[in-house]
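As structure tokens, the structure follows; a few thoughts come after it.
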Amino acid sequence: QVQLVESGGGLVQPGGSLRLSCAASGNIFSFNAMGWHRLVQGKERELVAAITKGGSTNYADSVKGRFTISRDTAKNTVYLQMNSLKPEDTAVYYCNARRTGWVQGQIKALDVWGQGTLVTVSS
């Protein structure tokens, strides 16, 4: 059973950088994709960045050019490098691992979630 352990959150000044880590207890290639979501109070959880098993990446428009998702297969770890941080980036960030498959003619997803790590961008 894959478990995700996140680290790297904390307090940072606007314009600063943080790198979040998501360490999986199992082989990350047992999942089709991994990514990061964030949750802001009063808003719905949103996808921030994702990376597929094949290495393709996707980013939310709000973080393009500032955030980079990457992985270290040997360490079974996914990273989120966050640069030029803004106060609006303040949120709880969750790591996600997803396995997809066809069920009754439709694509279904099985998700594993980390516990979340708080990122606060403030002066």
Side-chain angles (χ1 to χ4, degrees):
Q1 297 183 11
V2 174
Q3 293 182 318
L4 306 177
V5 180
E6 301 169 343
S7 62
L11 175 65
V12 65
Q13 295 182 351
S17 299
L18 283 175
R19 188 178 75 163
L20 305 183
S21 298
C22 175
S25 61
N27 192 334
I28 61 175
F29 280 105
S30 65
F31 288 85
N32 298 105
M34 298 191 69
W36 292 89
H37 294 72
R38 66 185 180 187
L39 179 63
V40 179
Q41 288 191 358
K43 298 182 179 181
E44 295 183 355
R45 183 173 59 188
E46 65 174 347
L47 174 67
V48 176
I51 184 167
T52 68
K53 187 176 181 179
S56 298
T57 58
N58 291 289
Y59 298 92
D61 289 340
S62 60
V63 306
K64 287 182 178 178
R66 299 189 297 119
F67 290 11
T68 303
I69 187 170
S70 62
R71 65 190 178 193
D72 186 329
T73 303
K75 296 182 178 180
N76 286 318
T77 301
V78 175
Y79 304 96
L80 183 66
Q81 179 66 46
M82 304 185 294
N83 299 326
S84 302
L85 284 163
K86 304 175 181 179
E88 50 263 43
D89 294 319
T90 296
V92 177
Y93 285 74
Y94 296 89
C95 182
N96 164 255
R98 168 169 289 187
R99 179 182 292 115
T100 59
W102 288 94
V103 180
Q104 296 182 338
Q106 297 182 348
I107 296 178
K108 300 293 183 179
L110 173 65
D111 292 308
V112 178
W113 294 90
Q115 78 286 353
T117 184
L118 177 63
V119 172
T120 302
V121 184
S122 176
S123 299

Identify all side-chain donor-acceptor contacts of residues 114-122 below 3.5 Å with residues at least two apart in sequence or on another chain.
residue: Gln115; atom: OE1; partner: Glu6; partner atom: N; Å: 3.4
residue: Gln115; atom: NE2; partner: Glu6; partner atom: O; Å: 3.1
residue: Thr117; atom: OG1; partner: Gly9; partner atom: N; Å: 3.2

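The shortest side-chain heavy-atom distance between Lys53 and Met34 does not fall under the 4.5 Å cut-off. When side chains are defined from C-beta on, Tyr94 does not count as touching Leu20, because their heavy atoms never get closer than 4.5 Å.
Here the OG1 atom belonging to Thr57 is positioned 8.0 Å from the CD1 atom belonging to Ile69, to the nearest 0.5 angstrom. If you take OG on Ser56 and CD1 on Ile51, they are separated by 8.0 Å, rounding to the nearest 0.5 Å.
Just one residue in the list Val48, Val63, Thr68, Leu18 forms a side chain to side chain contact (heavy atoms under 4.5 Å, CB included) with Met82, and that residue is Leu18.
With hydrogens and angles ignored, the 3.5 Å screen pairs a side-chain donor or acceptor of Asn76 with a backbone N or O of Ile28. In this structure, the side chain of Ser25 engages the main chain of Gln3 through a donor-acceptor pair within 3.5 Å.
Side-chain atoms of Thr77 and Asp72 include no donor-acceptor pair closer than 3.5 Å.
Between Arg66 and Leu85, the shortest heavy-atom contact is NH1-CA, 3.9 Å. Of all heavy-atom pairs between Leu4 and Ala97, the closest is CD1-N, 3.8 Å. Heavy-atom minimum distance, Ala91 versus Val40: CB-CG2, 3.6 Å. Pairing each heavy atom of Leu80 with each of Ala49, the nearest pair is CD1-CB, 4.0 Å. Minimum heavy-atom separation, Ser84 to Ser17: N-OG, 4.3 Å.
Sorted by first then second residue, the ring-ring contact (aromatic ring centres under 6.0 Å, His included) pairs that include residues 39-66, not counting sequence neighbours, number zero. Listed by first then second residue, pairs satisfying side chain to side chain donor-acceptor pair (under 3.5 Å) with a partner in residues 27-42 read Asn32-Thr100, Arg38-Glu46, Arg38-Ser62, Arg38-Asp89, Arg38-Tyr93, not counting sequence neighbours.
In this structure, Arg98 is not positioned above the aromatic face of Phe31 in the sense of NZ or CZ being under 6.0 Å from the six-membered ring centre and within 45° of the axis.
Clustering ILVMFWY residues whenever any of their side-chain heavy atoms sit less than 4.5 angstrom apart, transitively, puts Phe67 in a cluster other than the one holding Leu39.
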